[in-house]
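Accompanying notes for the structure given below.
Start at 1 with the first residue, then count along the sequence. Note that the structure is predicted; figures quoted are calculated from it, not measured.
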Amino acid sequence: MTTTAQSVTDTQSVADTQSVTEAVLEPLPLADVDLADLDNFTDGITPWRMFHTLRHEDPVHWQPEEAPNSGFWAVTRHADIARVDRDAETFTSTKFVNLEEVDDDQIKKRASILELDGVRHRAMRSLLQRQFGASVINSYTDFLRGLTATTLDAALAKGTFDFVKEVSADFPINVLARLLDVPPEDNQQLIDWGNRIIGNTDPDYADVLLHSEESEKYRDLPFRSPASLEVFAYGRELARQRRGGNGTDLISRLVNETPRDGVPLSQQDFDNYFLLLVVAGNETTRHTITHSMLALLQHPEQLARLQEDPSLIPVAVEEFLRWASPVYHFRRTATRDVELGGKRIKEGDKVVMWFASGNRDEEVFGNPYDFDVARQNNDHVTFGKGSPHLCLGNLLARTEIRIMFEELIPRLADIRLAGDVPRVRSNFVNGIKKLPVEVTLA
């Protein structure tokens, strides 16, 4: 059995199959680094060149931005990222976790659990923490395996198909539907909402582009997206139906339980929590599965290793997560003057942890631009690093990814790239819009 990636000649696919190692070894002048230019994040190569230059030349780098934003400190080394992520007192989430600069009134209206620290954050997190714990997630194994088989049966029968649409978007959204206890016929709507909200800087997805004049009308909504209103309405109807019941789904727990601090969720708390579940419950796992499949296409010898030794797949999942880095960054804000990486950061400055860069840090990962499904001691920062904001759904994501590839890989005799691989125009989500493939079944 030989698995090969198809030769391609178009610009986008050439970028996707080009060796990143070769690209980063070609020096990119520090003056050419611009992490605020979204067009630098659409070719699959430039971000890694920028991160490489920053880690080696200016690991805590001041990045100017265009108005209305005022610039930020880009933190690109693994150790510095971990320091920022662990120290919520010095680097707070309460001033917002994205690059957009918002006023106090907007924060009050838009804050989710991501924009909380301390007691309230822990209390809000505790509402659903058990539902994402090992005992519950392990009880989903048979369901997840059955769902994976259903997804793959339908996709692989097509022979040639978009892997994003048919596999990596379809599977996690079905899992989310189960957790929310909503009908499968709502799945496509949930996917569309996630695209429109997270893709608020991509003209193919956004109803209104972030920072456009029209976006001012939606300044108080998450991601300035009018799709947020649709998500709120959908969630409120679910809450109405579940309130006072004895359900164990995520919605029932949000509306029928009180956080540990004794402060019930307000309508706004529920709206923003629910929207976060809809977005985070789909987007990151979807993009990790897509990037992982693309990496196996680009590195057929690694796919062959997994086919020959499926016991490597749990280890490979950690490499998939490191390699994919589905969220480029999260922001914090300095609460006091502090020194980091030899730079003096002032109170109120934005401090941005570039997780994707930390996942290629040569000080932590040997040969970081090698995709190695047997990589050991894989201390990636994809879910955060020692942070009180460590991704709540990390075990679920790991389980979904593992089961997907345990079920997919034995079915493949051959898989080839069948067209362009366009990427989301975003410096926040490291997303792939389409992954056209042609498969031959084993």
Is a side-chain donor-acceptor pair under 3.5 Å present for [Y] with [X]?
{"X": "Ser325", "Y": "Asn430", "value": "no"}
{"X": "Glu230", "Y": "Trp193", "value": "yes"}
{"X": "Ser387", "Y": "Asp85", "value": "yes"}
{"X": "Gln188", "Y": "Asp192", "value": "yes"}
{"X": "Tyr218", "Y": "Asp207", "value": "no"}
{"X": "Ser112", "Y": "Glu115", "value": "yes"}
{"X": "Thr92", "Y": "Arg332", "value": "no"}
{"X": "His61", "Y": "Thr76", "value": "no"}
{"X": "Arg331", "Y": "Thr333", "value": "yes"}
{"X": "Arg398", "Y": "Asn394", "value": "yes"}

Inset, instruction - Apply the test side chain to side chain contact (heavy atoms under 4.5 Å, CB included) to residues Met124 and Leu265: give CA-CA distance (whole Å), side-chain angles for both, the deciding distance (0.1 Å), then the verdict. - result: CA-CA 8 Å; Met124 294 273 278; Leu265 264 63; 3.8 Å; yes
Inset, instruction - Compare all side-chain heavy atoms of Arg402 with those of Glu406 and state whether any distance is below 4.5 angstrom. - result: yes
Legend entry - Partner of Phe330 by ring pair (Phe, Tyr, Trp, His ring centres under 6.0 Å), out of Phe428, Phe91, Phe383: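 Of all the options given, the one that passes is Phe428.
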Inset, instruction - Test the Lys350-Phe96 pair against the cation-pi criterion, namely NZ or CZ under 6.0 angstrom from the six-membered ring centroid and within 45° of the ring axis. - result: no
Is [X] salt-bridged to [Y], cutoff N-O under 4.0 Å?
{"X": "Asp58", "Y": "Lys343", "value": "yes"}
{"X": "Asp170", "Y": "Lys165", "value": "no"}
{"X": "Arg322", "Y": "Asp361", "value": "no"}
{"X": "Lys95", "Y": "Glu101", "value": "no"}
{"X": "Arg120", "Y": "Asp261", "value": "yes"}
{"X": "Glu347", "Y": "Arg336", "value": "no"}
{"X": "Asp379", "Y": "Lys385", "value": "yes"}
{"X": "Lys109", "Y": "Asp105", "value": "yes"}

Legend entry - Polar side-chain atom of Arg375 near backbone of Asp370 as donor-acceptor pair, under 3.5 Å: yes
Inset, instruction - Would you check if the side chain of Asp349 reaches a backbone N or O of Trp73 as a donor-acceptor pair within less than 3.5 Å? - result: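 Checking the backbone N and O of Trp73 against the side chain of Asp349, no donor-acceptor pair under 3.5 Å is found.
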Legend entry - Criterion side chain to side chain contact (heavy atoms under 4.5 Å, CB included) on Arg130 and Val136, from CA distance to verdict: CA-CA 7 Å; Arg130 183 178 177 279; Val136 174; 3.9 Å; yes
Can we call the ring centroids of [X] and [Y] under 6.0 Å apart?
{"X": "His78", "Y": "His380", "result": "no"}
{"X": "Phe355", "Y": "His329", "result": "no"}
{"X": "Phe41", "Y": "Tyr328", "result": "yes"}
{"X": "Tyr369", "Y": "His52", "result": "yes"}
{"X": "Trp323", "Y": "His299", "result": "yes"}

Inset, instruction - For the pair Phe72 and Trp354, name the ring-plane relationship: parallel under 30°, tilted 30 to 60°, perpendicular over 60°. - result: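 Phe72 vs Trp354 ring planes: tilted.
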Inset, instruction - Determine the interplanar angle of the Phe270 and Phe274 rings, folded into 0 to 90°, and report it as parallel if under 30°, tilted if 30 to 60°, perpendicular if over 60°. - result: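 The arrangement is parallel - the two ring planes meet at less than 30°.
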Measure across [X] and [Y] and return the closest heavy-atom pair with its distance rounded to 0.1 Å.
{"X": "Val424", "Y": "Lys433", "result": "CA-CE, 3.8 Å"}
{"X": "Leu180", "Y": "Asp249", "result": "O-OD2, 3.8 Å"}
{"X": "Asp269", "Y": "Pro264", "result": "OD2-O, 4.1 Å"}
{"X": "Arg125", "Y": "Pro388", "result": "NH1-O, 3.5 Å"}
{"X": "Pro172", "Y": "Ala169", "result": "CD-O, 3.6 Å"}
{"X": "Asp372", "Y": "Glu319", "result": "N-OE2, 2.9 Å"}

What's the spacing between [X] [atom1] and [Y] [atom2] if we round to 0.5 Å?
{"X": "Gln106", "Y": "Asp103", "atom1": "CD", "atom2": "CG", "value": "4.0 Å"}
{"X": "Leu28", "Y": "Thr53", "atom1": "CG", "atom2": "OG1", "value": "4.5 Å"}
{"X": "Asp271", "Y": "Leu276", "atom1": "CG", "atom2": "CG", "value": "12.5 Å"}
{"X": "Leu412", "Y": "Leu306", "atom1": "CG", "atom2": "CG", "value": "11.0 Å"}

Legend entry - Enclosure of Glu66 CD (heavy-atom neighbours >12, cutoff 6.0 Å):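 At most 12 heavy atoms, drawn from other residues, nucleotides or ligands, come within 6.0 Å of this atom.
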Inset, instruction - Using salt bridge (charged side-chain N to carboxylate O under 4.0 Å, His left out) as the criterion, list what pairs up with Arg110, not counting sequence neighbours. - result: Glu100
Inset, instruction - Mind checking side chain to side chain donor-acceptor pair (under 3.5 Å) for Thr46 and listing every partner two or more places apart, or none if nothing turns up? - result: Asp43
Legend entry - Pairing residues for Ser292 by the side chain to side chain contact (heavy atoms under 4.5 Å, CB included) criterion, not counting sequence neighbours: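 With neighbours one apart ignored, the set is Thr288, Phe320, Phe405.
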Inset, instruction - Before giving the answer on side chain to side chain contact (heavy atoms under 4.5 Å, CB included), spell out for Ile289 and Met293 the whole-Å C-alpha distance, their side-chain angles and the decisive distance to 0.1 Å. - result: CA-CA 6 Å; Ile289 291 173; Met293 188 69 256; 5.6 Å; no
